[in-house]
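Order of listing sets the numbers, starting from 1, for every ligand and every atom in it.
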Amino acid sequence: MAQLPLQLPSLQNWSCHSCGGCCRQHLIEITPEERQRIESQHWTAAEGVPADRPQFVRLGLLPGSKRYRLGHQADGACVFLDGQGRCRIHAKFGEAAKPLACRIYPYAFHPAGKSITVSLRFSCPSVVANRGKSLESQKRDLKALEKLVVPEGAERMPPPEISPRQRLDWPETLHVVQQIDRLLAADGVPLMRRLLRTLQFVKLVGQAQFAKIRGPRLDDFLQIVSEAATAEVHDDLATISEPSRAGRMQFRLLVAQYVRKDTFAEQQSGWRNRWRLLWAALRFARGTGLVPPLQEPFVAVGFADLEPAFGPLPPEVDEIMTRYLRVKVQGLHFCGAAYYGVPLVEGFQSLALVVPAVLWIARWLAAGAGRRNLEVDDLARALAIADHHHGYSPAFGLANFRSRVRSLASLDDISKLIVWYAR
Ligand code: SF4
């Protein structure tokens, strides 16, 4: 099969720094061939693989299920992870001997008509920190991975809808995406203003009927809408009003999804964990008293403690969040097949909401450490926590999560939340 050309995000670097975080956070489903291959490696307790834990665990409730995942150690880490955060399979047999899911992480490949876009998961701290080699310099390895994960006929996959029942062809859809990227990249404009302009642009695009705006007319339309969106966002963001009461409640419920921890260890705790999550959801809906700490870095602080201004954001936040948004947009990691089949407009609104969610989580981390200001490390950790779920947790594709995003958009609260938590 002829391979499609790769579109790489030019602003992102990455190399693995063996933190082992991904091998603790994820369930790794394996194919029968991968299981056979690992079995033939004959791992023993003498090599550090725990003898009292299964190396493979059957998935699914039906007794005949042929789906398996890798086993975990008592602390939730993969059975093949060593004490130094290294993969034993990789160390002994090389990178190609690992399951495909491990080889791909943190990359994501998405069909884009006659090419394939590459995005990255910011749940990896090295991605957040932009640490490692440029993706361009790793093109040969990425082409090898593309061969393994991109299915035949990927060029025939349809583009995402722009909004419900409004679909353009691939080149036109990519023009809309490029215009979003241009607005996010605008030189000399602070991040929050760029983001608000882009949200306004996307909102106007969502109101368009594209039947007569095709071909060359589309570029004129996109230009006019960009200029209108830019003019509509006031230079002084302090003039933007506070988020509505209903919007704040919807937002807290949305954040509650981002601060959950869905690792093997949590899933094993059964009903006790479900009751804990239900109780936590009620507390997030009410928004009074203490924020229930849903995973380890968090400590109980008051909901009210997270609402006052936390002072100016550290200067690095502009670069980190701009890179995050642009990598996701360029990589088509926010809509269509890569994001629960959601249309482009709703997908971008959902992506924009990651920004106030990250700021809220960062405030929680800072307040837990007794600070009233944000440090860049708070933001970096908050982004890794949020992006672990964004586009991957099945809950984000469910009707209630999606209607929360649409409701925040229709209340015009997304921009207000961004400005509120950035102050
Ligand atoms: S097989 Fe290796 S890379 Fe994959 S989760 Fe286990 S330790 Fe990590």
Side-chain angles (χ1 to χ4, degrees), residues 13-60 65-109 118-129 131-133 135 138 141-142 144-149 260-268 295-296 381 384-385 387-394:
N13 303 324
W14 181 76
S15 302
C16 176
H17 292 85
S18 300
C19 71
C22 50
C23 309
R24 290 191 176 82
Q25 293 179 55
H26 300 285
L27 294 180
I28 306 296
E29 183 164 354
I30 48 171
T31 62
E33 296 73 37
E34 287 171 338
R35 184 180 168 192
Q36 229 169 31
R37 186 170 73 224
I38 297 171
E39 275 173 343
S40 70
Q41 294 166 356
H42 301 298
W43 290 97
T44 63
E47 292 171 290
V49 176
D52 59 338
R53 313 287 302 184
Q55 291 179 8
F56 311 102
V57 176
R58 197 193 292 270
L59 284 170
S65 167
K66 295 210 169 25
R67 293 174 56 211
Y68 281 86
R69 65 166 174 81
L70 294 180
H72 286 87
Q73 303 176 39
D75 66 356
C78 170
V79 283
F80 296 107
L81 187 69
D82 73 12
Q84 284 72 51
R86 286 187 308 250
C87 171
R88 289 189 170 90
I89 300 177
H90 188 147
K92 189 168 173 188
F93 295 103
E95 193 267 344
K98 291 193 293 189
L100 184 57
C102 308
R103 298 177 66 190
I104 298 297
Y105 185 88
Y107 294 117
F109 295 77
V118 177
S119 176
L120 291 98
R121 296 185 65 174
F122 281 64
S123 48
C124 168
S126 295
V127 174
V128 175
R131 286 178 71 203
K133 295 193 281 185
L135 264 57
Q138 304 182 55
D141 296 340
L142 288 164
L145 290 177
E146 177 196 2
K147 216 171 183 171
L148 297 173
V149 291
R260 285 175 58 149
K261 196 165 191 184
D262 290 331
T263 60
F264 163 77
E266 272 68 27
Q267 289 181 11
Q268 286 306 94
Q295 56 171 302
E296 214 183 55
R381 288 166 68 203
I385 290 168
D387 202 55
H388 173 72
H389 295 287
H390 195 80
Y392 290 91
S393 165

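- With atom 4 (Fe) of ligand 1 as the reference point, the heavy atom nearest to it among G85, A77, C102 is part of C102.
- Within ligand 1, counting atoms from 1 as listed, the ones closer than 4.0 Å to a heavy atom of I28 are 5 (S).
- Rounding to the nearest 0.5 Å gives a distance of 10.0 Å between NE2 of H26 and SG of C102.
- When all heavy atoms are compared, the tightest approach of G20 to L81 is O-CD2, 4.0 Å.
- For V79 against R88, the heavy-atom pair with the smallest separation is O-NH1, 3.8 Å.
- A side-chain hydrogen bond (donor to acceptor under 3.5 Å, both in side chains) with E39 holds for exactly one of R35, Q36, Q41, H42; it is R35.
- In this structure, H90 falls outside the shell of residues with a heavy atom less than 4.0 angstrom from ligand 1.
- For ligand 1, the atoms sitting less than 4.0 Å from at least one non-hydrogen atom of F80 are 7 (S), numbered in the order shown with element in parentheses.
- Looking only at protein heavy atoms, the nearest one to atom 8 (Fe) of ligand 1 is C23 SG, 2.3 Å.
- A salt bridge does not link R37 with E33: every distance from a Lys NZ or Arg NE/NH1/NH2 to an Asp or Glu carboxylate oxygen is 4.0 Å or more.
- Atom CD of E47 and atom CZ of F80 lie 10.0 Å apart (nearest 0.5 Å).
- Those atoms of ligand 1 that come under 4.0 Å of a heavy atom in L70, given as number and element, are 1 (S), 6 (Fe).
- Near K98, meaning under 4.0 Å from any of its heavy atoms, are these atoms of ligand 1: 3 (S).
- Nearest to atom 2 (Fe) of ligand 1 among the protein's heavy atoms is C87 SG, 2.4 Å.
- Heavy-atom minimum distance, L145 versus F109: CB-CZ, 3.8 Å.
- Of the protein's non-hydrogen atoms, the one nearest atom 6 (Fe) of ligand 1 is C78 SG, 2.4 Å.
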